[in-house]
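Scope of the values below: all heavy atoms of this structure, side chains included, with no hydrogens, waters or symmetry mates.
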Number of protein chains: 2
Amino acid sequence: MKIDPDSAADLSAQIAEAIRSAIVSGELNVDERLPSETELSDHFSVSRPTVREALKRLAAQSLIRTQRGATGGAFVNRIRYQDAYADQVTNATLLLSMNQISFDTACEARFALERACARLAAARRSADHLATMRAEIHRQSQPGLTDEAFCASDVTFHRALVDSAGNPVLSYQLAGAVEAMQPLMNMITFSARDRARIVALHTRIADGMEAQDDVAVSRGLSELEDETRALATSVFAARAAKP
Amino acid sequence: MKIDPDSAADLSAQIAEAIRSAIVSGELNVDERLPSETELSDHFSVSRPTVREALKRLAAQSLIRTQRGATGGAFVNRIRYQDAYADQVTNATLLLSMNQISFDTACEARFALERACARLAAARRSADHLATMRAEIHRQSQPGLTDEAFCASDVTFHRALVDSAGNPVLSYQLAGAVEAMQPLMNMITFSARDRARIVALHTRIADGMEAQDDVAVSRGLSELEDETRALATSVFAARAAKP
DNA sequence: AGACATTTAAAAGTCTGACAAATGAAAATT
DNA sequence: AATTTTCATTTGTCAGACTTTTAAATGTCT
């Protein structure tokens with residue numbers, strides 16, 4: 001692990017990168033303890049605050065955790081599924097909100113990915129997953145539900161669908177696509193008739209899951225995609241007409 | 001933006017979280033300048049080093065950038081596709097290498113996702129993408145290619161396929177699945193016969209793309225999945241037999 | 001007046017040295 | 001032997017100073 005004091009980059013960034021690559025390459029193993037901050041500042045010939053800034057960068061990426069006390073120090077983290085998942089959602093949300101990604105593009109990607117899970121999900125769905133989907137459909141049918149609650153329930157429904165595939169990698173990848181769209185979906189006002197159509201499609205999808213009929217699930221998702229895009233188009237058009 | 005000095009968490013973590021949520025919620029806009037470090041340390045009643053540690057956490061996530069000089073300071077970053085992409089690949093790689101995710105699970109997810117792109121990719125593929133795929137197939141046919149180079153070419157081929165869909169969200173999501181598997185693939189030794197079979201399947205996929213026949217592409221991907229998994233199984237079995 | 005050089009102020013980057021708080025291990029006491 | 005106390009180690013935080021970078025303001029010359 002070496003750094004170049006003459007480089008243009010910040011020292012703390014260089015040090016963070018040196019340690020990060022040692023972790024990613026496997027040079028440092030999970031739960032292994034890094035040298036103390038004093039030792040690191042000695043090794044890199046910088047002050048302790050500089051080392052600390054570097055360590056904070058790594059902590060922000062959940063690559064290390066720190067612990068105080070006599071046997072404390074910085075330890076290499078096992079990347080937890082939960083952390084990576086949260087990161088994934090944050091990143092995807094910001095990408096969608098800050099950049100010029102249209103609702104249509106996001107919607108297209110989301111449903112394409114979701115259909116990718118259809119076959120596995122239909123084949124492997126558990127009674128639990130099915131029950132969750134039914135329960136969310138029931139909730140979505142309740143009158144007086146706010147649009148936000150309706151959207152949140154929608155996300156839960158689709159997460160149950162994705163999780164049914166029983167593949168953690170798929171669940172992880174889909175997290176971004178499904179949850180990142182929630183802020184966009186929240187901008188939509190759902191009329192009673194809109195909700196009825198969505199609930200009907202959800203029911204068809206759940207029926208397909210129950211029958212383990214992946215083609216039906218896939219078809220339901222495609223129709224839901226069309227419905228969602230049409231809804232968004234009309235909402236955005238109406239909003240553009242009278243600001 | 002407030003913090004609780006009595007909380008168990010580090011002050012720098014709390015401050016980072018306060019600013020982060022201001023950014024994600026849109027309270028702070030892209031390219032907006034944050035207060036100077038001195039002002040922030042005043043506002044939160046902490047020292048400047050503590051504020052700096054918080055800012056480094058955010059910088060590590062590419063949420064802000066800092067600039068020195070008279071008009072310098074910390075600015076809210078527009079999340080660049082490239083940064084999010086790199087982050088996505090790092091996270092996915094660590095998840096796969098550090099946790100108990102089997103080759104089969106990763107492989108299943110990857111090809112399911114890739115098939116999700118097939119229809120759009122076949123419909124929208126440009127001449128450029130097709131040319132890239134053909135060129136990589138040609139490279140893969142060269143004798144004397146190292147296994148690493150073969151894998152790298154494989155990644156390029158599949159990235160071209162995914163990018164053909166013309167949907168940046170799909171490209172982003174797939175990045176993790178495809179590139180994170182490269183280290184796993186690199187553990188495989190490809191015999192000449194293995195390579196020939198893979199090249200044949202790649203050719204069928206490229207032919208399907210040229211004919212804009214998404215069913216053929218999808219079928220090609222499924223067969224490639226079977227081939228890859230069988231290959232991995234035999235390699236791992238052989239490795240287990242004689243260590 | 002306009003172009004160029006100089007000064008200056010603001011801000012991040014870094015360093016030194018210190019103290020506080022947490023924590024586990026060793027030593028002392030009961 | 002069990003419990004309490006002490007102690008060394010390590011991270012967390014602070015204060016203050018100095019350096020470097022940067023751009024704007026100022027001054028100077030043509």
Side-chain angles (χ1 to χ4, degrees), chain A residues 1-20 22-23 28 31-77, chain B residues 1-20 22-23 28 31-77:
Chain A
M1 291 199 294
K2 281 174 191 169
I3 58 170
D4 168 21
D6 302 329
S7 158
D10 293 353
L11 289 175
S12 67
Q14 288 182 60
I15 294 169
E17 181 50 36
I19 300 177
R20 185 186 149 283
I23 294 175
L28 290 166
D31 291 335
E32 196 169 326
R33 185 178 171 284
L34 270 62
S36 75
E37 296 179 351
T38 313
E39 285 168 339
L40 284 173
S41 62
D42 252 25
H43 174 69
F44 289 117
S45 309
V46 298
S47 70
R48 196 160 79 94
T50 303
V51 166
R52 280 180 60 77
E53 288 182 6
L55 293 180
K56 291 314 156 199
R57 298 181 107 108
L58 300 174
Q61 299 172 290
S62 301
L63 283 170
I64 60 169
R65 65 180 179 280
T66 55
Q67 201 173 2
R68 294 214 267 197
T71 58
F75 299 84
V76 177
N77 250 344
Chain B
M1 291 199 293
K2 281 173 191 169
I3 58 169
D4 167 21
D6 301 330
S7 159
D10 293 353
L11 288 175
S12 67
Q14 287 182 62
I15 293 170
E17 181 51 35
I19 300 176
R20 184 188 150 280
I23 294 174
L28 291 167
D31 292 335
E32 195 170 324
R33 185 179 169 285
L34 270 62
S36 75
E37 297 180 350
T38 313
E39 286 166 339
L40 284 173
S41 64
D42 260 18
H43 174 70
F44 289 116
S45 309
V46 298
S47 70
R48 198 159 79 94
T50 303
V51 166
R52 281 179 60 76
E53 288 182 6
L55 293 179
K56 291 313 156 203
R57 297 182 109 107
L58 299 173
Q61 298 172 292
S62 300
L63 284 169
I64 61 169
R65 64 181 180 281
T66 55
Q67 200 173 1
R68 293 215 267 195
T71 58
F75 298 85
V76 178
N77 249 344

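Contact between Ile64(B) and Ala74(B) at its shortest, heavy atoms only, is CD1-CB, 4.2 Å. Contact record, Arg33(A) with Gly73(A): NE-CA, 4.2 Å, taken as the closest heavy-atom pair. For the residue pair Ala60(B) and Ala60(A), the shortest heavy atom distance occurs at CB-CB, 4.1 Å.
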Anything under 3.5 Å between a protein N or O and an N or O of nucleotides 20-26 of chain C, put it in a table, one pair a line.
{"from": "dT23(C)", "atom 1": "O2", "to": "Ala70(A)", "atom 2": "N", "distance (Å)": "2.9"}

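Listed by residue number, the members of residues 54-66 of chain B with any heavy atom below 4.0 angstrom from DNA chain C are Lys56(B), Thr66(B).
Residues Pro49(A) and Gly72(A) each lie close to DNA chain D; by heavy-atom proximity, the contact nearer the 5' end of the strand is made by Gly72(A).
Here Arg65(A) pairs with Asp31(A), Phe75(A), Asn77(A) under the side-chain contact (heavy atoms from CB on, under 4.5 Å) rule; sequence neighbours left out. Contacts of Gln61(A) classified as side chain to side chain donor-acceptor pair (under 3.5 Å), with partners at least two apart in sequence or in another chain: none. Residues forming a salt bridge (charged side-chain N to carboxylate O under 4.0 Å, His left out) with Arg52(B) (at least two apart in sequence, or on another chain): Glu53(A), Glu37(B).
Note: CZ (Arg48(B)) to P (dA12(C)) measures 7 Å, nearest angstrom. In this structure, Glu53(B) places its CD atom 16 Å from P of dA12(C), rounding to the nearest Å.
Distance check: Leu34(B) CG to Ile19(B) CD1 gives 5.5 Å after rounding to the nearest 0.5 Å. For the atom pair Thr66(B) OG1 and Leu58(B) CG, the distance stands at 11.0 Å (nearest 0.5 Å). Rounded to the nearest 0.5 angstrom, Ile23(B) CD1 and Arg20(B) CZ are separated by 9.0 Å. Between the CZ atom of Arg48(B) and the CG atom of Leu40(B) there is a distance of 11.0 Å, given to the nearest 0.5 Å.
Contacts between chain B and DNA chain D, taken as any atom within less than 4.0 angstrom of a protein heavy atom, begin and end at dG12(D) to dA23(D).
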